Amino acid sequence: MRSPSRRKPKVSGRRATSRAVLAVAVLAGPGTPGSAPAQDEGPVVVTQDADLVPLRLENIRVALELLGIYQEDERTLVNGTKTVNRDTLLRGILEIRSEGFIGHPNLVELDLLGRFQLEDRDIDNESNVARVRNPEDIYEFDGSALILRESTTPLELYARRTETMIDREFGETLDATTEQYGAILRVRSDFAPSTFQYYHRIQDQTGNIGQDFHVVQDTFEMFTQLNLEDAQRFTWTYSYDNVDESGNLRLPNSFERHDGLAVHILPFGETLRSNLRSSVTLYSQTGLFPVDRVRVDERLRIRPTQRMEYRADYTFETQNRPIADQELMQGGAGFRHRLFDSLTTDFFAGASQLRQTDSGFESTLYSGDLSFDYEKLVPGGVLSATILGSLSRQEDTDSSAPIPVSDQSETFDPSLTVTLNRRNVIDQSVIVTDATGFIIYTEGIDYTVESFGDRTEIRRVLGGNIAPNETVLVDYLIGPEPANTTDTGVFAISGRYSIQEGPLNGLSVYGRYGRQNQDRESDSPLLGAADDVETVVYGVEYDTGYLNLIAEWRSRDSTLSPQDTTRFEARFYEPIGRGGGLTFSTFYQEVDRPDDNIISETFTFSGRWTQRFSSRLTTNLLFQWRRDRDNRTLDTDGFETEFDVRWNYRQTSVYGTIRWRTLDTVINDTDFVTLKAGVRREF
């Protein structure tokens, strides 16, 4: 079995040698500071008579660094089986930085960094029954050459290679290596400013317990803006990606992606307050999840006065996927009126139609919304209130094939949950990616999916690859239903009173009430039930700037899935001395779903202490404790703490880090310990 030692991208001996020789030649070339007379004049054109030098390096800095890292990962399964992985690393580093130029600063301007490392590594890996001693040379660099910087078409060439550690919440630390080579061409023009970029990127992530992830990516990007007459603007953005992903940390995938967006903005009217925004989006992706998409949007805004705005929107989208081809048309119109600074009225009415061209399914929606937002200074503070009413009718024909939903943006809340408020979602169809759509997360390792009739919950797994509060994209399928008509009416009212004077300054009380009445009709007895919902929320918040407290209670009486939620939050910050501060935060939430017989609790407590004792000594201490309880025995306990210290004396720095993370679940218990210490001397 292959040892999960931290392997670097394979580079032939000739290529590796040539890169090292090139880096040394550039950093230690024949040019020396002061080898050419200083240019006191402004930028010159290289075709003019000027003193040119082959190579000039300035502000050369050299640093030596010695770094030691020890990592220990221990995993204990429910049957008592224990595996321990140890990794000891000793690394010597030589770093050289410099700026300079070739010929003239306006010809080729250089910004160079070279880091050469000799590493000795001892890996004792019980997970894969392997013990590896892996001495090797490691190099990092970050170099750029800006050609003709003062011209109308400056060109930047760059090459970068870095090695870092990725600390995952309550999880194993991963080694990450990134190489990127590229070029950026900028066109300076009053009429058509543009940017063109190409880069080749290689990313590798590896861990001690057999986890790895590899990405090879080629990307071309361009942006052009045409500044037309009468303040008109036309922009065109296009990107092409060729990506190959492999490894067991995430789902392997190879794909090409084209993404283009053209936008035209036409201002008109008095002082050009009104405008028409037209856009066309072209998107195509191959691989595991192929899709072709064309979208046209028209957005009209007419502002006859500062307080009145009329709007009209239209969208047409066609989408082709292996499972279904569909078309979407939607449009509507409305207005927004501001009465002084206190009352804002919003109205919008529209219709949409979704069609699947293969199955013949159609869904037509008619809707209208009216809202009033009121805010007023009252004795002692500010009073704000909102009243909202909406009516909608949705007419669906019989659907014989699932309906795809793609790129729905969601953000995980402190309770690790994202909720899809759709009925009849097919659990097995849920796909979660990062916000760019590149990284595909893995169900069971990064997230779990659970359906509750009127909604589906996606829960982030602690110790996985999804970061806290991360925004993700979700694709899923809605299962077939018989032909039906659904009428929905919504009424909601909310209010908040914030005290801004006296001893209770910073105290706010708020409440919300909402009601949804729904009626569903069909000739088939297989149609899902309507969902009548009544929601009551009330709470209190106290905010002084240094202290923030929130207590909230929510009752959701629903035909399909009622639940009661209690939430408490607290955040505290206290500055300590000069350049120091103490921060604490806690979060508690209890959710009771009586119909599903589920009670879940989430409790977190975290703190950070940052202190700068002097210009020489700084420290940083942080910790986080998390407990999740569920009456279905889905219990999790996580704790992590980290202490950093750095001491600087003139050109010498001494630093150290202690990091400990533990995660206990019903499947296994894991402990991750990292010790790091180093000394750095600059010359």
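Just so it is clear, the model here is predicted, and its values are computed rather than measured. The first residue of the sequence shown is numbered 1, and numbering continues consecutively from there.
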For the residue pair Q428 / Y476, report whether a side-chain donor-acceptor contact shorter than 3.5 Å exists. no
Could you check whether E395 and Y366, counting side-chain N and O atoms only, form a donor-acceptor pair closer than 3.5 Å? no
When you check the side-chain N and O atoms of Y283 and Q285, is any donor under 3.5 Å from an acceptor? yes
dist Y199:OH -> I184:CD1 (nearest 0.5 Å) comes out at 10.0 Å
Backbone N or O of I599 within a donor-acceptor pair of the N631 side chain at under 3.5 Å? yes
For a 4.5 angstrom cut-off between non-hydrogen side-chain atoms, does F491 reach I387? yes
What closest approach, in Å, do Y513 and V536 show between heavy atoms, and which atom pair accounts for it? CD1-CG2, 3.8 Å
Is there a side-chain contact (heavy atoms from CB on, under 4.5 Å) between F347 and R336? Walk through the geometry before answering. CA-CA 7 Å; F347 172 76; R336 171 176 291 180; over 6 Å; no
Under a 3.5 Å distance rule, please check whether T305 uses its side chain to pair with a backbone N or O of M308 as donor and acceptor. yes
With distance as the sole test, does D204 use its side chain to make a donor-acceptor pair with the main-chain N or O of T178 at under 3.5 Å? no
Modelled atom types, side-chain donor and acceptor of Q518 and T488, under 3.5 Å: yes
Can you tell me how far apart CZ (F196) and OG1 (T153) are? Round to the nearest 0.5 Å. 11.0 Å
Atom CG of D523 with >12 non-hydrogen neighbours under 6.0 angstrom: no
Where the side chain of D413 meets the backbone of L416, is there a donor-acceptor pair that is under 3.5 Å apart? yes
Is there a donor-acceptor pair closer than 3.5 Å between any side-chain N or O of S429 and the backbone N or O of L477? yes
Apply side-chain contact (heavy atoms from CB on, under 4.5 Å) to the pair V533 and D557, showing each step before the final yes or no. CA-CA 6 Å; V533 181; D557 187 10; over 6 Å; no
Looking at every heavy atom in both D596 and S561, which two are closest together, and how far apart are they? OD2-OG, 3.9 Å
Specify whether H264 and F234 have parallel, tilted or perpendicular ring planes, treating 30° as the upper limit for parallel and 60° as the lower limit for perpendicular. tilted
Are any of the side-chain nitrogens in R301 or D313 under 4.0 Å away from the carboxylate oxygens of its partner? yes
Main chain of R459, side chain of T417: is a donor-acceptor contact present, judged purely on distance under 3.5 Å? no
T471 and T411: side-chain donor and acceptor closer than 3.5 Å? yes
Checking side-chain hydrogen bond (donor to acceptor under 3.5 Å, both in side chains) for the pair S239/D259: CA distance, chi angles, key distance, verdict? CA-CA 5 Å; S239 66; D259 191 358; 4.7 Å; no
Indicate yes or no: at least one non-hydrogen side-chain atom of T565 is less than 4.5 angstrom from one of Q589. yes
Separation of I466 CD1 from R460 CZ (nearest 0.5 Å): 7.5 Å
Could you tell me which non-hydrogen atom of I440 sits nearest to which non-hydrogen atom of F289, and how far apart they are? CD1-CE1, 3.3 Å
Can you tell me if F255 has over 12 outside heavy atoms packed within less than 6.0 Å of its CZ? yes
What distance separates D475 CG from D407 CG, expressed to the nearest 0.5 Å? 5.5 Å
Nearest 0.5 angstrom please: T485 OG1 to Q394 CD, how far? 9.5 Å
Once the angle between the rings of Y181 and H200 is folded into 0 to 90°, is it parallel (under 30°), tilted (30 to 60°) or perpendicular (over 60°)? parallel
If we count only N and O atoms by modelled type, under 3.5 Å, do the side chains of Q180 and R201 hold a donor and an acceptor together? yes
Does either side chain, that of Q205 or that of Q203, offer a donor lying less than 3.5 Å from an acceptor on the other one? no
Does the pair T344 and F372 meet the rule for a side-chain contact (heavy atoms from CB on, under 4.5 Å), with working shown? CA-CA 6 Å; T344 300; F372 302 93; over 6 Å; no
Under 6.0 Å from the CZ atom of R257, do we count more than 12 heavy atoms belonging to anything else shown? yes
Do T286 and E256 pair up side chain to side chain, a donor and an acceptor below 3.5 Å, judged on atom types alone? no
Give a yes or no answer on whether the side chain of Q356 reaches the backbone of P402 with a donor-acceptor pair at less than 3.5 Å. yes
Under 3.5 Å, is there a donor on one side chain and an acceptor on the other for R186 and T195? no
For a quick test of reading the model, state the closest non-hydrogen atom pair linking S189 to P193 and the distance between them. O-CD, 3.1 Å
Counting only N and O atoms by type, is there a donor-acceptor contact under 3.5 Å from the side chain of T281 to the main-chain atoms of L261? no
If you round to the nearest 0.5 Å, how far is OG1 of T486 from CG of D531? 11.0 Å
Residues R311 and E309 bridged, charged N to O under 4.0 Å: no
Can a side-chain donor-acceptor contact be found between R515 and N517 if the only test is distance below 3.5 angstrom? yes
Could you tell me whether the side chains of T602 and D628 share a donor-acceptor contact shorter than 3.5 Å? yes
Taking it one step at a time, do S600 and D630 satisfy side-chain hydrogen bond (donor to acceptor under 3.5 Å, both in side chains)? CA-CA 4 Å; S600 57; D630 194 295; 4.7 Å; no
Any donor-acceptor pair under 3.5 Å linking the side-chain atoms of S555 with those of D564? yes
Has N227 got a side-chain atom pairing as donor or acceptor with D190's backbone, closer than 3.5 angstrom? yes
Assess, by modelled atom type and distance only, whether the side chains of Y198 and E221 contain a donor and an acceptor separated by less than 3.5 Å. no
For N421 and T419, test the side chains for any donor-to-acceptor distance below 3.5 angstrom and give the result as yes or no. no
In short, R303 meets R273 closest at the heavy-atom pair NH1-O, 2.7 Å
Whether the S392 and D487 side chains hold a donor-acceptor pair (N or O, under 3.5 Å, no angle test) is what I'd like checked. no
I445 side chain reached by V461 side chain, heavy atoms, under 4.5 Å: no
Apply the test side-chain contact (heavy atoms from CB on, under 4.5 Å) to residues Q326 and L354: give CA-CA distance (whole Å), side-chain angles for both, the deciding distance (0.1 Å), then the verdict. CA-CA 7 Å; Q326 65 183 34; L354 175 69; 3.8 Å; yes
Has D446 got a side-chain atom pairing as donor or acceptor with N465's backbone, closer than 3.5 angstrom? yes
Pair S246, D244 - check side-chain hydrogen bond (donor to acceptor under 3.5 Å, both in side chains), show working. CA-CA 7 Å; S246 60; D244 181 60; 4.9 Å; no
Before accepting this row, confirm whether a basic side-chain N of the pair R593/D595 lies closer than 4.0 Å to the acidic partner's carboxylate O. no
Which heavy-atom pair separates A183 from L157 by the least distance, and what is that distance? CB-CD2, 3.6 Å
Could you go through the salt bridge (Lys or Arg N to Asp or Glu O under 4.0 Å) check for E450 and R455 one step at a time? CA-CA 9 Å; E450 189 170 9; R455 71 189 190 283; over 6 Å; no
Report yes or no: do R321 and S406 form a side-chain donor-acceptor pair below 3.5 Å? yes
Just checking, is any N or O donor in the side chain of Y158 or E156 under 3.5 Å from an acceptor N or O on the other one? no
